[in-house]
J.: 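Please read through the structure below; I'll follow up with questions.
First the proteins, then the strands, lettered A, B, ... as listed; each starts at 1.
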Amino acid sequence: MIDVIIAGSGASAVNAAVPLVEAGLHVVMIDAAVEDDVYKDIIPDGDFDTLRKTDEGQNRYFLGDEFEGIPLGPVRVGAQLTPPRQYLLRGVEKHLPTDAGRFQAFQSLALGGLAAGWGAAVPPFNDRDMEGWPIGRADLETHYKRVADRIGVCGDGGDDLASHCEDGGWLLPPLSGDHNATSIFRRYTSRSEELRSRGLFAGSPRMAICTRPVGEREAFRYQDMEFWGDKNPSVYRPRYTLDELRRHDNFEFMAGHLVRSYTEEEDSVVVEAFPCDGGGGRTLKAARLVLCAGAIGSARIVLRSADAWNTPLPLVSNPYTYVPCLNFGGLGMPDRGYPRHSLTQVMLFFDPDPGKRRLIQGQIYSYRSLLTFKLMKESPLAMTESRRLMQALAWYFVVLGIHHGDHPGRSKRLWLEKVDDDPVLRVKYRRTEGETAERREMEARLLRLMPKLGLLPLKRIDPGHGSSIHYAGTLPMTTKSRRYTTTRSGRLRGTRSVYIADGSVLPDLPAKGLTFTLMANADRIGSHLARSLSR
Amino acid sequence: MGIRSNGSAPTKVPVDDREARILASYLVNRLPRPEHRLRYREAVRRLAIGGSRALRLGLRFPVLLGLLDGGCGLVRPDDPLRQRLLVMAAVLEATTDHVEEFLPAPRPIPVLVAVCLYHGVKAAIKGVVGAPFVLLMGRGE
Ligand SMILES: Cc1cc2nc3c(=O)[nH]c(=O)nc-3n(C[C@H](O)[C@H](O)[C@H](O)COP(=O)(O)OP(=O)(O)OC[C@H]3O[C@@H](n4cnc5c(N)ncnc54)[C@H](O)[C@@H]3O)c2cc1C
């Protein structure tokens with residue numbers, strides 16, 4: 001019999017699998033594992049500038065074979081999903097039918113899940129971030145370290161973020177910043193005492209990027225092609241851990257399949273899986289099932305298995321705002337050939353009321369590799385002038401992305417409904433007036449400080465609920481025994497053999513990006529299971 | 001599937017080589033290679049971009065393009081004229097021929113100020129003069 005079946009191949013799944021496989025258990029991982037079969041081989045290995053200047057075939061990946069890279073409508077969630085990344089959405093409508101109204105329930109059936117195209121920012125949580133949870137930082141410490149050693153995490157442990165991003169000695173050297181980062185840090189350093197006293201902390205981003213070789217992955221090469229491809233495999237993708245898992249004889253990967261439901265038997269769990277391209281389903285029997293299908297995907301499997309229609313579960317998602325800014329502090333700075341990349345250049349925490357839990361995370365990106373014509377589209381000026389202005393200003397153009405924390409609430413729910421006998425997941429998500437007012441107030445206070453960093457905020461854009469693509473809280477870890485909750489070891493209450501090891505179990509979300517904690521918690525749950533099954 | 005960002009059925013509004021020449025000349029002051037013009041036509045067809053009065057008038061009297069484009073930018077940013085100009089900009093940007101016309105680069109402050117003032121004022125005039133025209137003309141094909 002199989003020891004453990006894992007549903008999913010994303011960041012949570014592969015990190016839950018490692019301790020199980022290392023313990024010698026027979027593990028089967030099931031995932032649709034959709035891959036990009038069009039673009040990955042046509043993007044040459046080169047930096048953005050060189051490819052722009054020399055590659056005659058660049059239109060194929062920059063615009064897409066169907067010109068899907070030319071957005072005519074309003075800016076959507078996932079606008080950073082370039083044509084070579086749009087396979088992340090393939091098959092979702094068919095296999096994961098969802099009616100989320102205006103909430104953006106971004107799901108993926110890709111090999112490696114959403115992290116096949118993520119931004120790789122990995123601030124760890126501290127006890128304050130996990131207030132009220134059944135686990136704390138001490139429970140995750142060794143798992144953060146194990147995951148960091150596995151995926152490669154860089155940052156500057158001695159900078160001002162250290163007070164909010166305590167690292168356990170796992171950091172690789174920080175990324176080098178570009179001209180925008182350099183001018184912002186210069187201004188920050190010259191008034192850091194004042195800014196810190198007003199709650200603003202800036203530093204080098206904590207990123208899942210190897211700035212030194214890690215295993216077979218080479219060091220980051222600053223090609224500025226991170227939104228387009230993975231020719232330089234230094235930005236972490238779950239696929240790399242999966243490749244390592246596949247070298248073990250006790251690990252099997254069942255691609256092209258999805259888990260529909262499970263039923264428990266006396267000392268085992270029977271999983272029903274079906275092939276994505278049609279045909280009959282298969283049943284597999286295992287001692288344990290670990291669901292890592294994403295906070296929304298795992299909830300779908302649990303509700304379906306329990307035959308629980310119209311049963312609401314909570315859902316949380318970080319509110320997200322982005323603010324295009326002009327970096328006037330960088331005007332006139334000579335081009336010293338600063339290394340370039342498209343990921344976070346500067347990470348910020350705005351924590352004006354340390355006594356309270358509310359805190360916001362900011363990430364500053366330079367706008368460049370997403371092409372100038374997309375800036376022209378957003379400008380109300382005639383296109384010829386717009387081209388000249390954007391070309392001149394884009395060099396100094398940065399985007400500040402702001403994440404807020406989120407808590408469960410009565411109007412933040414998802415449930416499974418039968419529509420013409422087919423299961424459709426519905427989402428209702430509304431924030432209270434108090435939450436909205438607090439978000440506005442915090443953003444206004446943060447934006448008032450931006451000129452001190454040399455930044456002129458141009459416009460505040462709210463892309464809508466769910467647009468952070470950070471989802472959690474559907475099957476939360478609790479100390480109280482309630483249905484559709486999990487124990488601190490990840491076991492789904494009411495079951496003996498079903499474990500949840502993805503965002504579903506986080507009871508709420510602090511403002512910090514969640515995925516490092518998802519991976520560490522998955523490693524923790526996997527380690528716990530490995531111990532209990534090896535006994 | 002959310003792969004296509006725009007309409008579904010390819011457009012029936014004709015898009016010819018003359019249009020490609022006019023829009024490219026308007027945007028970058030020179031003619032693109034025939035294959036890039038062909039790519040533009042294919043993109044407009046695939047993205048199913050329709051027509052509008054502003055587009056028709058602009059193609060008939062290319063000297064008016066600046067005013068029509070500026071006016072649409074202010075009062076009707078989703079007009080097919082703007083959309084087709086955007087497609088042409090995208091097609092040109094993703095070529096080696098036009099890289100210098102799009103790739104951002106640092107400039108000395110006086111040059112930057114001059115560029116912003118000159119093109120900013122020009123764009124403002126186009127917008128202010130063109131907007132009433134566009135409003136009067138209505139959308140229509
Ligand atoms: C553009 C973008 C940028 C982001 N940037 C950041 C960032 O900078 N920092 C950060 O912390 N987070 C970021 N995120 C979010 C991050 O990617 C996710 O939090 C993380 O990948 C979630 O991992 P997961 O494994 O829990 O779930 P998912 O990534 O959703 O993976 C779920 C997996 O389960 C599979 N699956 C689904 N249903 C089934 C089923 N029924 N049976 C079997 N398998 C199934 C899917 O195919 C998928 O492989 C970003 C996301 C995106 C899209």
Side-chain angles (χ1 to χ4, degrees), chain A residues 48-49 52-56 58-64 66-74 76 78 83 86-87 89-94 179 330-335 367-368 371-397, chain B residues 1-7 23 26-29 36 39 42-44 46-47 49 65-74 77-78 82-83 85-96 99-109 111-112 115-116 118-120 122-124 126-127 130:
Chain A
F48 180 73
D49 276 9
R52 290 281 289 103
K53 287 176 186 162
T54 59
D55 185 19
E56 293 290 342
Q58 60 184 279
N59 60 294
R60 285 198 61 197
Y61 46 92
F62 284 140
L63 304 184
E66 306 239 354
F67 301 98
E68 66 271 24
I70 307 179
L72 296 181
R76 298 167 296 128
Q86 289 195 8
Y87 76 96
L89 303 171
R90 210 187 312 145
V92 169
E93 216 166 88
K94 180 172 172 207
H179 58 287
L331 294 182
M333 246 172 81
D335 182 13
Y367 185 98
R368 215 172 74 98
L371 304 175
T372 305
F373 80 87
K374 289 182 201 155
L375 290 179
M376 291 165 60
K377 172 177 167 276
E378 299 308 314
S379 131
L381 307 178
M383 292 275 184
T384 339
E385 281 71 32
S386 183
R387 173 180 71 75
R388 290 182 188 272
L389 288 168
M390 295 305 158
Q391 189 191 15
L393 292 175
W395 188 258
Y396 310 100
F397 198 63
Chain B
M1 241 333 288
I3 293 282
R4 290 186 59 129
S5 46
N6 307 295
L23 297 191
Y26 167 67
L27 279 173
V28 292
N29 251 327
H36 299 155
R39 190 175 296 153
E42 175 64 7
V44 171
R46 293 260 196 142
L47 296 172
I49 304 176
L65 261 180
L67 292 184
L68 294 165
D69 172 23
C72 285
L74 277 188
D78 61 344
R82 293 278 292 186
Q83 295 188 329
L85 281 168
L86 182 78
V87 170
M88 179 52 94
V91 166
L92 294 175
E93 183 167 11
T95 63
T96 52
V99 69
E100 299 306 337
E101 283 141 357
F102 288 88
L103 202 62
R107 319 227 165 152
I109 292 182
V111 177
L112 196 70
V115 167
C116 290
Y118 179 67
H119 293 291
K122 241 172 108 181
K126 283 182 178 177

J.: Thinking salt bridges, do Arg368(A) and Asp49(A) make one under a 4.0 Å N-O criterion?
T.: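 Judged by the 4.0 Å cut-off on N to carboxylate O distance, Arg368(A) and Asp49(A) do form a salt bridge.
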J.: With a 4.5 Å cut-off on heavy-atom pairs, point out which of Thr54(A), Asp335(A), Leu371(A) contacts chain B the most.
T.: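 Going by pairs under 4.5 Å, I would pick Leu371(A).
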J.: Chain A: which of Gly73(B), Ala89(B), Ala90(B), Gly70(B) shares the most heavy-atom pairs with it under 4.5 Å?
T.: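 Of Gly73(B), Ala89(B), Ala90(B), Gly70(B), Ala90(B) has the most heavy-atom pairs under 4.5 Å with chain A.
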J.: So, using side chain to side chain donor-acceptor pair (under 3.5 Å) as the criterion, who are the partners of Gln58(A) when residues are at least two apart?
T.: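 If we apply the side chain to side chain donor-acceptor pair (under 3.5 Å) test to Gln58(A), skipping adjacent residues, the hits are Arg52(A).
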J.: Less than 4.5 Å to any heavy atom of chain A: does that hold for the side chain of Pro106(B), its backbone, both, or neither?
T.: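 For Pro106(B), the contact with chain A is made by backbone and side chain together.
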J.: Quick check on the interface: out of Pro108(B), Gly127(B), Cys116(B), Pro77(B), who has the most heavy-atom pairs with chain A under 4.5 Å?
T.: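 Top option by heavy-atom pairs under 4.5 Å: Cys116(B).
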J.: Using 4.0 Å as the upper bound for N to carboxylate O, is an ion pair formed by Glu42(B) and Arg46(B)?
T.: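 Salt bridge present between Arg46(B) and Glu42(B).
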J.: Look up atom CG in Leu375(A) and atom CZ in Phe102(B), then write down how far apart they are to the nearest 0.5 Å.
T.: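 Leu375(A) CG to Phe102(B) CZ: 11.5 Å, rounded to 0.5 Å.
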J.: Under 4.5 Å heavy-atom distance to chain B, tell me which part of Ser379(A) shows up: side chain, backbone, both or neither.
T.: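 For Ser379(A), the contact with chain B is made by the backbone alone.
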J.: Does any backbone or side-chain atom of Val28(B) lie under 4.5 Å from a heavy atom of chain A? Answer side chain, backbone, both or neither.
T.: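 Contact with chain A: backbone and side chain both.
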J.: Any side-chain heavy-atom pair from Phe373(A) and Ser386(A) closer than 4.5 angstrom?
T.: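 Side-chain contact under 4.5 Å: no.
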J.: Pick one of side chain, backbone, both or neither for Ala105(B), based on which atoms fall under 4.5 Å of a heavy atom in chain A.
T.: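 The answer is the backbone of Ala105(B).
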J.: At a 4.5 Å cut-off on heavy atoms, which part of Leu63(A) comes close to chain B: side chain, backbone, both, or neither?
T.: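 Just the side chain, heavy atoms under 4.5 Å.
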J.: Specify which of Gly64(A), Pro334(A), Gly332(A), Pro83(A) makes the most heavy-atom pairs with chain B at under 4.5 Å.
T.: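 If we count pairs closer than 4.5 Å to chain B, Gly332(A) comes out on top.
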J.: Could I get the full list of side chain to side chain donor-acceptor pair (under 3.5 Å) partners for Tyr61(A), not counting sequence neighbours?
T.: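 Result, side chain to side chain donor-acceptor pair (under 3.5 Å) vs Tyr61(A): Asp55(A).
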J.: Select one option (side chain, backbone, both, neither) describing which atoms of Phe48(A) are under 4.5 Å from chain B's heavy atoms.
T.: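 It is the side chain, since no backbone atom gets that close.
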J.: Under a 4.5 Å heavy-atom cutoff, which of Leu112(B), Val111(B), Leu85(B) has the most pairs with chain A?
T.: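 Of the options given, most contacts go to Leu112(B).
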J.: Ignoring hydrogens and geometry, is there a side-chain-to-backbone donor-acceptor pair from Glu93(B) to Thr372(A) under 3.5 Å?
T.: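 Side chain of Glu93(B) to backbone of Thr372(A), a donor-acceptor pair under 3.5 Å: yes, one is there.
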J.: Rounded to the nearest 0.5 Å, what separates atom CD in Gln391(A) from atom CZ in Arg388(A)?
T.: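 Reported value, rounded in 0.5 Å steps: 8.5 Å.
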J.: At a heavy-atom distance under 4.5 Å, which candidate from Leu381(A), Asn59(A), Leu393(A) has the highest pair count against chain B?
T.: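 Highest number of pairs under 4.5 Å: Asn59(A).
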J.: With a 4.5 angstrom heavy-atom cut-off, is it the side chain or the backbone of Leu86(B) that approaches chain A, or both, or neither?
T.: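 For Leu86(B), the contact with chain A is made by backbone and side chain together.
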J.: Salt bridge check: are Asp69(B) and Lys126(B) linked by an N-O gap of less than 4.0 Å?
T.: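 No, Asp69(B) and Lys126(B) are not salt-bridged.
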